[in-house]
Amino acid sequence: MLTDEEKSEIAEELAQAERREQACVEALLAVQKRRGWVSDENLAEIALLLGMTPAELDAVATFYSFVFRKPVGRHVITLCDSMVCWSLGLNPLYEHLKARMGITYGETTKDNRFTLLPASCMGACDRAPVMMIDNDLYGPVEPGAIEGILRKYT
Amino acid sequence: MERPLTKNIRPGQEPLSLVEYEQAGGYLALRKALTSMSPKDVQDAVKASGLRGRGGAGFPTGMKWSFVPLGEHAPKQKYFIVNADEMEPGTFKDRLLLEGDPNLLVEGVILAAYAIQADRAYIFLRQGYTLAAKRLRRAIAEAYAKNYLGKGILGTGYNLDLRLHTSAGRYICGEETALINALEGRRATPRAKPPFPQVSGLWGKPTVVNNVETVMNISPIIANGAEWFKSLSRSVDGGTKVYGVSGRVKRPGAWELPMGTTLRELIEERAGGMQEGFRLRGIIPGGASTDVLLPEHLDVKMDFDSVGKAGSRLGTGTAIVLDDHTCPVGFVHNLEQFFRRESCGWCTPCREGLAWIEQTLRAIESGAGEMSDLDMLAGQCRLLGPGNTFCALAPGAVEPLQSALKYFREDFVRHIKGKKCPWK
Ligand SMILES: Cc1cc2nc3c(=O)[nH]c(=O)nc-3n(C[C@H](O)[C@H](O)[C@H](O)COP(=O)(O)O)c2cc1C
Ligand code: SF4
Ligand code: FES
């Protein structure tokens, strides 16, 4: 069940939209912001508010890399795996994170603290290699600096 | 040297507030346009400046606007959209502009929307640009508070609403018709053209989509005129350009310079040259979907025609350097992995062709390639070329591949004959 807070944020987005379905990405993200991901049950409820069928909404939701339709950890780490970051040290960074956390791309640590994902260019190629944790951008990231960065996310 | 796009940007500091922006001469152009120029006058001023789109294709901006039907019989509802989806590997110029001077973008939006008589505008911002989103929200709110947006702008009869949409991460959303579908709340696959968006765009209404950097040029052009704009440039295309360099250079970054600055000046002077111990092997001049150039092309001027004559495209004007310690096959494989992942899957040649290309490059890189793969790849480059796919993603994807096959053929052959990557 969506909370009242979620429903009212979606209502605010709907009030500004020209047509109801226009607010669909905003609505999905409003729910994801609070729960980390969007479950089938939540998706169906959002679809109802937007006047879409669940299938229509899921066609949009699954199209985007950053609408999560499966549970994720408390924090999501994304590594840019596009060309500039790849050529400036993505692999050592990835190997370090993998060994440190015992997970590969798409997995979540056992304590549910981190999910690790690859991502396309983050538009910060001048700072390659680049990593994001939730909404925070880091770059250039040296493997040695990772420990200090991770400590900020509990 | 004048830097109309970045003059207000103070690295590492907050952007100017609306009041500071006004003190620096901001919103004078809007005042001038709304009080003494017709929409057609604004269009003509932009046309005369010769401004060409900075989103990659270089389409003349004034001409694009002129396709929008105006006058009594035109549809009343029209839209202006800023394309801030910047997701092409190697491209980070719009981030600098959005974070650095959001007011200049908002003023440009109002001028452009006025020129095509749109009463609603959108900024379509990519996922992950959270700082840009925060600063844009503030600039928009301040513009509403001062009645630069909203009803009866500056006491005239002109009304405009501006909304920020933040996307959720997919490169194809930058293609303008896919972007329009995304804004309507649909799956962001591209649309057939014609009809072009200027005639039938968002919900079938006339719509113009322009790149962030394009829009930021509008206010300076209205304020200072076409001749001034042309005089900024070192080539036939007017204005300045925000160029960038990334890869193994000493000082990667982005700089506003006269249009027509050479690759040599960008790489050797601005970016400080290659890092110690690394040599330059190749350059992708304008984002991942442009053909590779070689060190022999360093004296090419970075303007639309000159880069075209050298066999590539200016694209977004942000160059990526390939160094001699990086495997060129791995480099191209990484690129095609991006395009394969980001293909929207709508049309068969792109969906299947990019997958085939990516797997073949992976095989060659790991030592399992065959000589016949090179002909197959060259054939795919033709099959995915212009005219064979639904949108320009696929033709863009094969540009760096076709030139890598030409310029780095011996590296491909060494992988195949030696059955391993010589860089590993
Ligand atoms: C796959 C693909 C991605 C694109 N991404 C962007 C983008 O992120 N930003 C952009 O301004 N233009 C992008 N474009 C180009 C747009 O379709 C369009 O030409 C441009 O926004 C027009 O603006 P301009 O005339 O000001 O250059 C992309 C095109 C394609 C085919
Ligand atoms: S070329 Fe690729 S991205 Fe463009 S419509 Fe076809 S499948 Fe989609
Ligand atoms: S390639 Fe990693 S941020 Fe652009």
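In the text below, chain A, chain B and the rest are named by the order of the sequence lines, each starting its count at 1.
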>> For the interface with chain B, which of Ala128(A), Ala124(A), Cys85(A) has the highest count of heavy-atom pairs at distances below 4.5 Å?
In response: Ala124(A)
>> For Ala59(A) versus Arg187(B), what's the shortest heavy-atom pair and its separation?
In response: O-NH1, 2.7 Å
> Contact part of Leu50(A) toward chain B, heavy-atom cut-off under 4.5 Å: side chain, backbone, both or neither?
Replying inline: neither
> Is the closest side-chain donor-acceptor distance between Arg248(B) and Ser87(A) under 3.5 Å?
Replying inline: no
> Shortest non-hydrogen contact from Val60(A) to Gly185(B)?
Replying inline: CG2-O, 3.5 Å
> chain B: which of Gln32(A), Glu21(A), Glu56(A) shares the most heavy-atom pairs with it under 4.5 Å?
Replying inline: Glu21(A)
> Is atom CZ of Arg186(B) surrounded by more than 12 heavy atoms (other residues, nucleotides or ligands) closer than 6.0 Å?
Replying inline: no
> Does the Arg95(B) side chain pair with the main chain of Gly123(A), one donor and one acceptor, at a distance under 3.5 Å?
Replying inline: yes
> Under a 4.5 Å heavy-atom cut-off, does chain A meet the side chain of Glu336(B), its backbone, both or neither?
Replying inline: neither
> Looking at Met52(A), Glu26(A), Arg20(A), which has the largest count of heavy-atom pairs under 4.5 Å with chain B?
Replying inline: Glu26(A)
> How about Gln275(B): does its CD atom have over 12 heavy atoms from other parts shown lying under 6.0 Å from it?
Replying inline: yes
> Just wondering, more than 12 heavy atoms not from Glu276(B) lying within 6.0 Å of its CD?
Replying inline: no
>> Counting only non-hydrogen atoms closer than 4.5 Å, does His333(B) touch chain A with its backbone (N, CA, C, O), its side chain (CB onward), both, or neither?
In response: neither
>> Given heavy-atom pairs under 4.5 angstrom as the criterion, report whether the side chain, backbone, both or neither of Ala61(A) touches chain B.
In response: neither
>> Counting only non-hydrogen atoms closer than 4.5 Å, does Thr91(B) touch chain A with its backbone (N, CA, C, O), its side chain (CB onward), both, or neither?
In response: backbone
> Between Ile284(B), Leu131(B), Ile320(B), which shows the greatest number of heavy-atom pairs under 4.5 Å with chain A?
Replying inline: Ile320(B)
> What are the two closest non-hydrogen atoms of Trp86(A) and Phe331(B), and how far apart are they?
Replying inline: CH2-N, 3.4 Å
> Non-hydrogen atoms of chain A under 4.5 Å away: do they reach the side chain of Ile172(B), the backbone, both or neither?
Replying inline: side chain
> Okay, side chain of Gln22(A), backbone of Leu183(B): is any donor-acceptor separation there less than 3.5 Å?
Replying inline: yes
> When rounded to the nearest 0.5 angstrom, what is the spacing between CG in Leu29(A) and OG1 in Thr166(B)?
Replying inline: 6.5 Å
> Does a side-chain heavy-atom distance below 4.5 Å link Arg163(B) with Gln16(A)?
Replying inline: yes
> Of the listed residues (Gln337(B), Glu86(B), Glu184(B), Arg126(B)), which shares the most heavy-atom pairs with chain A below a 4.5 Å separation?
Replying inline: Arg126(B)
>> Is it the case that atom NZ in Lys250(B) sees more than 12 heavy atoms from other parts of the structure closer than 6.0 Å?
In response: yes
> Arg170(B) side chain to Ser65(A) main-chain N or O, any donor-acceptor pair under 3.5 Å?
Replying inline: no
> Measuring from Thr130(B):OG1 to Leu137(A):CG, what's the distance to the nearest 0.5 Å?
Replying inline: 8.0 Å
> Between Glu18(A) and Arg120(B), does at least one N-O distance fall below 4.0 Å, as a salt bridge requires?
Replying inline: yes
> If you tally heavy-atom pairs under 4.5 Å against chain A, which of Met87(B), Glu88(B), Gln127(B), Glu342(B) wins?
Replying inline: Gln127(B)
>> Looking only at heavy atoms and a cut-off of under 4.5 Å, which of Ala271(B), Gly253(B), Gly345(B), Gly330(B) has the most pairs with chain A?
In response: Gly330(B)
> So does Lys76(B) have more than 12 non-hydrogen atoms from other groups sitting under 6.0 Å from NZ?
Replying inline: no
> Given the rule in the side-chain contact (heavy atoms from CB on, under 4.5 Å) test, do Tyr64(A) and Cys173(B) qualify, once you have shown the distances and angles that lead to the verdict?
Replying inline: CA-CA 10 Å; Tyr64(A) 291 107; Cys173(B) 292; 3.7 Å; yes
>> Taking the side chain as everything from C-beta on, heavy atoms only, tell me whether Ser167(B) gets closer than 4.5 Å to Phe66(A).
In response: no
> Is it the side chain or the backbone of Phe338(B) that comes within 4.5 Å of chain A heavy atoms, both, or neither?
Replying inline: side chain
> By a 4.5 Å heavy-atom criterion (distance strictly below it), what part of Met83(A) contacts chain B: side chain, backbone, both, or neither?
Replying inline: both
> Using non-hydrogen atoms only, which part of Ala182(B) is less than 4.5 Å away from chain A: side chain, backbone, both, or neither?
Replying inline: both
> Where on Phe339(B) is there a heavy atom nearer than 4.5 Å to chain A: the side chain, the backbone, both, or neither?
Replying inline: neither
>> Are more than 12 heavy atoms, taken from residues, nucleotides or ligands other than Trp346(B), located less than 6.0 Å from that residue's CH2 atom?
In response: no
> Quick check: does any side chain N or O of Asn334(B) sit under 3.5 Å from a backbone N or O of Asp81(A), one acting as donor and the other as acceptor?
Replying inline: yes
>> What part of Cys344(B) gets within 4.5 angstrom of chain A, counting heavy atoms only: side chain, backbone, both, or neither?
In response: both
> Checking heavy atoms, do the side chain of Cys24(A), its backbone, both or neither come under 4.5 Å from chain B?
Replying inline: side chain
>> Is there a side-chain contact between Trp203(B) and Arg19(A) in this structure, where contact means two heavy atoms from C-beta onward sitting under 4.5 Å apart?
In response: yes
>> If you count heavy-atom pairs within less than 4.5 Å of chain B, which of Leu57(A), Leu88(A), Leu28(A), Thr62(A) leads?
In response: Leu88(A)
> Got Asp126(A) and Arg251(B) here, is their nearest side-chain heavy-atom distance under 4.5 Å?
Replying inline: no
>> I need the minimum non-hydrogen distance between Cys121(A) and Gly90(B), along with the two atoms involved.
In response: SG-N, 3.9 Å
>> A side-chain contact here means heavy atoms from C-beta on lying under 4.5 Å apart; do Tyr171(B) and Ser120(A) qualify?
In response: no
